[in-house]
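Counting from 1, the numbers follow the sequence of the chain as shown.
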Amino acid sequence: MDLPENVAAVVFDCDGLLVDTETCWTRAETALFAEHGHGFGLEQKKLLIGRTLETAAEAIATYFDLPGEGPALAARLHDLVALELAAGADALPGARDLVTALRGRVPIAVASNSNRAFVDTALAKSGLAELFSHVYAVEDVSRPKPAPDLYLAACDGLGVDPARSVAFEDSGTGVASARGAGLYVIGVPSLPGTTLDVHRRYSSLADTELLTWGSGLGLNRR
């Protein structure tokens, strides 16, 4: 399937897609697991990736067999992640080039399952904040991903039809959200070996095919 040409807008996830925040989250999650006497690896990461802070904490509480401790674990994880993000987060390869190519050609936005403070910090630390005037975080909707609300909110804010818009996602949770909203979904998995139900898959935003596509959008828009 060829990449779509008549695109109304492009909406990006943030964590693990535009910005290498998953490294920050993994260090924080590893520390939290260690505090409770557990190791942390790919199996545990797969339980958490793409979730909100609160739903990740509930999954951790279940994993730890600590019923009712989700809110406390969420508070601790919040503090650990905030410290990691404050130390810095890098834009992932190809992110700046692709977003820069798209700006001025089609409307663009960020739709993230993270809270507003985390999203703003990640974009600022990575140097991408200046490229986006439309940023949607989990507080902006009543239901987080995998519900379609965030992508619907982003498309509504941009004044575009979701069916003519493209989403970039790195997790199954985000893909389900974008597909539920009716967007064409491009997957760039942040975890090795991840299978995503997407229309097209790439290993990196730095793929030359994506940059060529992004640089050509808007030429035939109707």
If you define the side chain from C-beta out and look only at heavy atoms, does anything of Ser112 sit under 4.5 Å from Leu150?
no
Hydrophobic clusters here meaning ILVMFWY residues chained together by side-chain heavy-atom distances under 4.5 Å, can you tell me if Leu17 and Tyr202 are in one?
yes
Leu18 vs Phe132 side-chain heavy atoms within contact, under 4.5 Å:
yes
Are Val81 and Val19 grouped together when hydrophobic residues (ILVMFWY) are joined by side-chain heavy atoms under 4.5 angstrom apart?
no
Thr21 pairs by side-chain hydrogen bond (donor to acceptor under 3.5 Å, both in side chains) with which of Thr121, Asp90, Asp15, Thr26?
Asp15
Hey, is the main chain of Lys145 close enough, under 3.5 Å, to the side chain of Asn113 for a donor-acceptor pair?
yes
Can you sort out the partners of Phe118 under ring-ring contact (aromatic ring centres under 6.0 Å, His included), two or more places apart, ordered by chain and number?
Trp25, His78
Do Val10 and Leu98 have side chains that get closer than 4.5 Å, going by heavy atoms?
no
Val188 with Leu131, same ILVMFWY side-chain cluster at under 4.5 Å
yes
Grouping I, L, V, M, F, W and Y whenever their side-chain heavy atoms are under 4.5 Å apart, do Val11 and Val138 come out in a common cluster?
no
Stepwise, does the side chain to side chain contact (heavy atoms under 4.5 Å, CB included) test hold for Tyr63 with Gln44?
CA-CA 9 Å; Tyr63 187 88; Gln44 291 73 27; 2.8 Å; yes
Tell me if a side-chain donor or acceptor on Trp213 pairs with a main-chain N or O of Glu5 at a distance below 3.5 Å.
no
Across all chains, not counting sequence neighbours, the side chain to side chain donor-acceptor pair (under 3.5 Å) partners of Asp140 are Arg116
Any donor-acceptor pair under 3.5 Å linking the side chain of Arg51 with the backbone of Ala59?
no
Does Leu205 belong to the same Ile/Leu/Val/Met/Phe/Trp/Tyr cluster as Tyr184, with side-chain heavy atoms less than 4.5 Å apart forming each link?
yes
Using a strict cut-off of less than 4.0 Å between a Lys/Arg side-chain nitrogen and an Asp/Glu carboxylate oxygen, indicate whether Lys45 and Glu22 qualify as a salt bridge.
yes
Decide side chain to side chain contact (heavy atoms under 4.5 Å, CB included) for Leu128 and Arg96; before the verdict, give the C-alpha distance in whole Å, the side-chain angles of both, and the deciding distance to 0.1 Å.
CA-CA 7 Å; Leu128 298 178; Arg96 173 170 283 277; 4.0 Å; yes
Under a 4.5 Å cut-off applied to non-hydrogen side-chain atoms, are Pro189 and Glu169 in contact?
no
Student check: side-chain heavy atoms of His36 and Ile60 closer than 4.5 Å:
no
